[in-house]
Every structure is written in structure tokens, then in C-alpha cells.
Amino acid sequence: MKYLKHYWKSTNPSAGDYLTTVNSIDRRHPEAEFAGLDVQVWSHDADGIDVCLARVPDSTTITEVTVGSKKAIQELTETQYNTVKTPLDASAVLESEAMTAEMSGDTSTATTKRNEATTKYNEAKTALLAL
């Protein structure tokens with residue numbers, strides 16, 4: 001398995017190729033460029049622009065693309081990918097546990113779990129911004 005970070009591609013020919021400076025509804029994942037693209041994470045970069053992490057089969061060639069100062073397509077190591085994905089998944093589990101606790105009336109546990117979820121989410125966001 002290979003891993004990559006990517007920005008959306010514009011479907012509007014006059015808007016340019018990769019959407020690294022604006023968010024747009026006229027967009028698509030670069031699945032035509034990367035066979036077997038399996039998007040796992042949807043987030044935002046430091047400028048609030050949509051960015052994703054994905055997996056592709058080992059047989060898929062990843063060609064890195066830089067637009068201005070941003071890497072529109074960036075191949076990641078498994079370790080880099082997991083520095084974002086692992087805490088993000090943990091955050092989702094903790095949020096679910098917080099909701100369950102809250103529904104059972106245990107607001108103390110719910111608050112603790114939500115705080116832990118926020119910490120994990122922030123860890124994932126920091127890792128993403130470092131890529």
C-alpha cells in the first residue's frame with residue numbers, strides 16, 4: 001500500500017488544476033490520475049483549504065505535484081500517514097464513547113472523553129499541518 005496527501009482537482013477548466021488556494025464545489029478527487037485511490041481523511045490545511053489523505057495500491061505510480069508553495073500531491077510514508085490517521089481514528093472512538101456516556105447520564109465521563117477526543121484531533125491536525 002502507498003499513501004498520499006492530495007488537494008482536490010478542479011472540474012472547471014478556467015479555475016486551474018489543483019485547488020490549493022480556494023475551496024470550490026466544482027471539484028473531484030484525483031482518482032483518474034491515481035488508480036485505486038481510497039480517500040481516508042478529509043481535512044483542511046493551515047489556510048482552510050480542503051486536503052485529503054488517501055491510500056493507493058503499490059502498483060499505482062505517484063507523481064508529486066507542487067503548486068506555488070504547496071504540494072498538491074505528496075507521497076507519504078506509512079509512518080507519516082499514520083501520524084494523522086491513528087489519532088484521528090482515536091478521536092472518533094472517544095467522541096462515540098462520550099456520546100454513549102452522555103446518553104446514559106454520565107456527564108463526567110462524557111466530558112472527559114470529549115476532552116480526550118479534542119486532544120487526539122488536535123494531535124492529528126498538527127501532524128497533518130507538518131506534512
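In what follows, residues are counted from 1 in the order of the sequence shown. These figures come from a predicted structure and were not determined experimentally. For the numbers below, each heavy atom of this structure counts, side chains included, while hydrogens, waters and symmetry mates do not.
- A distance-only check finds no donor-acceptor pair linking the side chain of Ser91 to the backbone of Pro87 [under 3.5 Å].
- In summary, the side chains of Lys125 and Ser43 do present a donor paired with an acceptor at a separation below 3.5 Å, with no hydrogens or angles considered.
- Rounding to the nearest 0.5 Å places CD of Glu64 at 6.5 Å from CD of Glu75.
- With hydrogens and angles disregarded, a donor-acceptor distance shorter than 3.5 Å links the side chain of Ser104 to the backbone of Ala101.
- Within 6.0 Å of the CE atom in Met99, the count of heavy atoms belonging to other residues, nucleotides or ligands does not exceed 12.
- Looking at Lys2, its side chain does come within 3.5 Å of a backbone N or O of Thr60 through a donor-acceptor pair.
- Within the structure, salt bridge (charged side-chain N to carboxylate O under 4.0 Å, His left out) contacts touching residues 96-115 (residues at least two apart or in different chains) are Glu95-Arg114, Glu97-Lys113, Glu102-Arg114.
- The side-chain heavy atoms of Lys120 and Leu94, taken from C-beta on, include a pair separated by under 4.5 Å.
- Applying the ring-ring contact (aromatic ring centres under 6.0 Å, His included) definition to pairs two or more places apart or across chains, those involving residues 77-109 are Tyr3-Tyr81.
- In this structure, Asn82 contributes its side chain and Thr77 its backbone to no donor-acceptor pair below 3.5 Å.
- At distances below 3.5 Å, at least one donor-acceptor pair connects side-chain atoms of Thr111 with backbone N or O atoms of Thr107.
- Both Phe34 and Val65 are part of a single hydrophobic cluster, where members link through side-chain heavy atoms under 4.5 Å apart.
- Among Thr20, Asp45, Asp50, the one residue that satisfies the side chain to side chain donor-acceptor pair (under 3.5 Å) test with Tyr7 is Asp45.
- A donor-acceptor contact under 3.5 angstrom links the side chains of Asp38 and Gln40, judged on distance only.
- Applying the ring-ring contact (aromatic ring centres under 6.0 Å, His included) test to residues at least two apart or on different chains, none of the pairs has a partner in residues 107-131.
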